[in-house]
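A quick write-up on the structure given underneath.
Residue numbers start from 1 in every chain, and the chains themselves are labelled A, B, ... in the order their sequence lines are given, proteins ahead of strands.
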Amino acid sequence: MPELPEVETIRRGLDNQIAGLRIKSVQVKKARLVKGSVKKFIAVLTGNVFLKFNRRGKLLIAALKSGQFLLIHLKMTGQLIYQHGRQLIAGGHSFVGMDWRLPNRHTHIIFSFRNGSRLFFNDLRQFGYMKIVSKIELEKELKKFGIEPLTAGFSLKNFVEIFANKKTSAKALLMNQKFIAGLGNIYADEVCFYAKVKPSRRVPSLTEGEIKKLYQGCRVILAKAVKARGTTFSDYVDADGRQGGFIKFLKVYGRKGEKCRRCRRGVIVKIKQGGRGTHFCPQCQQ
DNA sequence: AATTAGACTCGGCCTA
DNA sequence: GGAAGCCGAGTCTAAA
């Protein structure tokens with residue numbers, strides 16, 4: 001699940017709760033999820049302090065007091081759960097039917113803090129990772145990302161430039177992190193719907209107006225999704241009694257067979273495009 | 001014409 | 001067996 005809005009939601013939660021805490025110990029139960037040496041990973045983190053949580057695209061970046069950074073990527077099924085007494089801050093993949101006794105069998109890395117609280121990194125499919133990097137290495141990583149939506153650099157002009165000389169499909173371009181950082185499969189489908197553009201449309205065939213609509217779609221949908229605290233396919237409620245509320249705003253994703261909520265004529269179809277489930281209304285998306 | 005860099009596509013990583 | 005992400009290998013394409 002975790003795309004920009006979900007990662008941003010967990011970033012805010014962790015920044016509020018963990019920033020300033022000293023790490024008492026780190027337990028790595030599955031070495032696969034640590035990139036590089038596990039020994040070094042533990043050595044760097046033990047006794048270190050989380051200063052600040054940042055985000056670039058779908059990548060979480062925790063600044064450490066030592067001057068290094070902890071990179072966290074949740075990929076498809078990663079979850080971060082911070083437990084402090086009865087308080088829980090959690091984000092990432094669906095929590096439906098999850099075993100809330102922590103750690104559970106999908107818990108691969110555990111951070112323990114001096115105040116008794118803990119941070120669990122769970123990942124069912126084990127695609128996610130954590131990695132320690134230096135400032136130099138971080139800058140190298142960040143160069144791989146395109147423009148960041150919801151920042152001043154995300155202008156129509158920059159967006160239009162990205163679409164110049166591209167031969168791929170509208171959806172594939174929206175999802176390419178090198179050009180636009182943060183959109184994944186759900187939000188790319190939603191943005192295409194917003195713009196009335198069929199996800200498979202080749203970029204050279206898009207009109208100026210359609211590109212502008214795609215741009216507006218990115219802004220409107222991502223801003224709304226962040227405000228709703230992301231799309232959480234679960235009944236999970238966080239410490240403030242809130243849950244990811246964007247699911248009810250989804251217009252096409254997960255709505256195969258339903259009547260289109262806009263034109264009320266088409267029926268949402270689901271096809272495979274570039275190996276990904278792709279949803280659209282054949283009536284109002286051209 | 002041959003070369004090269006960048007764009008593009010797709011399989012694989014895993015679990016349940 | 002469905003899947004919300006990304007990397008790397010391989011192929012394709014435009015430029016000069």
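- Put simply, CG on Leu174(A) is 16 Å from C1' on dA4(C), counting in whole angstrom units.
- Residue-level contact check: Gly275(A) touches neither bases nor backbone, having no heavy atom under 4.0 Å from any strand.
- Residues Leu174(A) and Leu214(A) are in side-chain contact: their nearest non-hydrogen atoms beyond the backbone lie under 4.5 Å apart.
- Outside the 6.0 Å centre-distance limit, the rings of Phe280(A) and Phe193(A) are not counted as a close aromatic pair.
- Proximity of a side-chain donor or acceptor of Gln286(A) to a complementary backbone N or O of Gln283(A) within less than 3.5 Å is detected.
- Between the CZ atom of Phe145(A) and the C1' atom of dG5(C) there is a distance of 11 Å, rounded to whole Å.
- Ion pairing between a basic and an acidic side chain is recognised when a charged N comes within 4.0 Å of a carboxylate O; Glu161(A) and Lys157(A) show such pairing.
- The CE-C1' distance, from Met175(A) to dA7(B), rounds to 17 Å in whole Å.
- Considering only side-chain N and O atoms, Lys166(A) lies nowhere under 4.0 angstrom from the phosphate OP1 or OP2 of dC8(B).
- For the pair Glu210(A) and Lys196(A), the salt-bridge criterion is not met [side-chain N within less than 4.0 Å of a carboxylate O].
- The pair Glu8(A)-Arg11(A) counts as a salt bridge, with a side-chain nitrogen and a carboxylate oxygen less than 4.0 angstrom apart.
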Letter per nucleotide, 5' to 3', of nucleotides 7-16 of chain C [B base touched, S only sugar-phosphate touched, - untouched; heavy atoms, 4.0 Å]: ----------
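- In this structure, Phe121(A) has its ring center at least 6.0 angstrom away from the ring center of His108(A).
- Distance, Arg255(A) CZ to dG2(C) P: 22 Å, rounded to whole Å.
- A salt bridge links Asp189(A) with Lys171(A): the closest approach of a Lys/Arg side-chain nitrogen to an acidic carboxylate oxygen falls below 4.0 angstrom.
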Pairing string, 5' to 3', for DNA chain B - Watson-Crick or wobble contacts under 3.5 Å, brackets [ ] where pairs cross, | to another strand: ..|||||||||||.|.
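- Contact check on Asp123(A) versus Lys75(A) returns no salt bridge, with no Lys/Arg side-chain nitrogen under 4.0 Å from an Asp/Glu carboxylate oxygen.
- Within the 4.0 Å cut-off from OP1 or OP2 of dG5(C), not a single side-chain nitrogen or oxygen of Thr77(A) is found.
- In this structure, the CE atom of Met76(A) is 9 Å from the C1' atom of dG2(C), given to the nearest Å.
- Using a 4.0 Å cut-off between charged nitrogen and carboxylate oxygen, Glu3(A) and Lys58(A) do not count as a salt-bridge pair.
- For an aromatic pair to be called close, the ring centres must be under 6.0 Å apart, and Tyr215(A) with Phe154(A) satisfies this.
- dC14(B) and dG8(C) have their P atoms separated by 15 Å, given to the nearest Å.
- As a whole-Å value, the separation of Asn176(A) CG from dA7(B) P is 9 Å.
- Look at Tyr187(A) and you won't find any side-chain N or O under 4.0 angstrom from OP1 or OP2 of dA4(C).
- Rounded to whole Å, the distance from NZ on Lys131(A) to P on dC6(C) is 14 Å.
- The separation between Gln273(A) atom CD and dC10(B) atom P is 10 Å, rounded to whole Å.
- Rounded to whole Å, the C1' atom of dC7(C) lies 24 Å from the corresponding atom of dA16(B).
- Comparing atom distances between the Thr168(A) side chain and each of dC6(C), dC8(B), dA4(C) picks out dC8(B) as nearest.
- Look at Gln177(A) and you won't find any side-chain N or O under 4.0 angstrom from OP1 or OP2 of dG5(C).
- Checked for salt-bridge contact, Glu148(A) and Arg55(A) meet the test: a charged N lies under 4.0 Å from a carboxylate O.
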Taking only nitrogen or oxygen atoms into account, show me every contact under 3.5 Å that the protein makes with nucleotides 13-16 of chain B, one pair per line with its distance.
unit_1, atom_1, unit_2, atom_2, d
dC14(B), OP1, Arg32(A), NH1, 2.2
dC14(B), O5', Arg32(A), NH1, 3.1
dC14(B), O2, Arg125(A), NE, 2.6
dC14(B), N3, Arg125(A), NH2, 3.1
dT15(B), O4', Leu124(A), O, 3.3

